[in-house]
Structure formats: structure tokens, C-alpha cells
Amino acid sequence: MSEVRSEIAGKVWKIEAKPGDRIDEDDPIIILESMKMEIPVSAPFDCVVKEILVAEEDAVAEGQIVAIVERA
């Protein structure tokens, strides 16, 4: 299992993947909004989403764990 962390502070604008989804490297898991820009939090490798740890509209800090994934 691997932790996916936010690289910036912002607000969760949209959750793109749900637990059980198979996604490819660099596919967005979550879209953050910061300073009116949309910034994706992407899969670090081909993986299966195990858990999403935030909800839409949540504020996130830089370095906060937002998802747990497992290599596909």
C-alpha cells in the first residue's frame, strides 16, 4: 500500500476516483482548487484505489495524505 499526498494546500474540488477503481500512472485521483487553479493529485503508478481520505469541499494541507493506493 502507498500513501498519496497533496503537494499543495487547497480545497478538494472534485474526487475523480473511488475505492476499487483501477487507474493508470498520472491519472487524476483528486482535483484540488488553490488560488482559482485546478491542480490534480495523480496516481504515482498503475494502481487500485483502496481508500479516499478526503471529501469534496475539504481543506487539505501540503503533504496531507489524501488517498491510499496499491500497485496493480
What do the steps show when you test C47 against I23 for side-chain contact (heavy atoms from CB on, under 4.5 Å), and what is the final call? CA-CA 6 Å; C47 60; I23 57 176; 3.7 Å; yes

Walk me through it: do E16 and I31 pass the test side-chain contact (heavy atoms from CB on, under 4.5 Å)? CA-CA 7 Å; E16 294 281 322; I31 307 291; 3.8 Å; yes

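Across S34 and G10, no two heavy atoms sit closer than the pair CB-CA, 4.3 Å. Pairing each heavy atom of A17 with each of V49, the nearest pair is CB-CG2, 3.9 Å. Between R22 and V48, the shortest heavy-atom distance links the atoms CG-CG2, 3.7 Å.
Put simply, the side chain of S42 does not reach to within 4.5 Å of the side chain of I29, judged on heavy atoms.
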Atom pairs and distances, donor-acceptor, side-chain atoms in residues 58-72, under 3.5 Å, two or more places apart:
residue : atom : partner : partner atom : Å
D58     : OD2  : A55     : N            : 2.8
Q64     : OE1  : A61     : N            : 3.0
E70     : OE1  : K50     : NZ           : 3.4

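Residues meeting the side-chain contact (heavy atoms from CB on, under 4.5 Å) test with D26, sequence neighbours left out: none. With sequence neighbours excluded, no residue forms a side-chain contact (heavy atoms from CB on, under 4.5 Å) with E7. Checked against salt bridge (Lys or Arg N to Asp or Glu O under 4.0 Å), E3 has the following partners two or more places apart in sequence or in another chain: R5. Not counting sequence neighbours, the partners of K18 by the salt bridge (Lys or Arg N to Asp or Glu O under 4.0 Å) test are D21. Under the rule for a side-chain contact (heavy atoms from CB on, under 4.5 Å), the partners of P19 that lie at least two apart in sequence or sit in another chain are I52.
V41 and M35 are members of different hydrophobic clusters when ILVMFWY side chains are connected at heavy-atom separations under 4.5 Å. Using a 4.5 Å cut-off between side-chain heavy atoms of Ile, Leu, Val, Met, Phe, Trp and Tyr, with links allowed through other members, F45 and V4 fall into the same hydrophobic cluster.
Atom CD1 of residue I39 and atom CD1 of residue I8 lie 3.5 Å apart, to the nearest 0.5 angstrom. Atom-to-atom distance recorded for I30:CD1 and I15:CD1 is 5.5 Å, nearest 0.5 angstrom.
With salt bridges taken as basic N to acidic carboxylate O contacts below 4.0 Å, one links E57 and K11.
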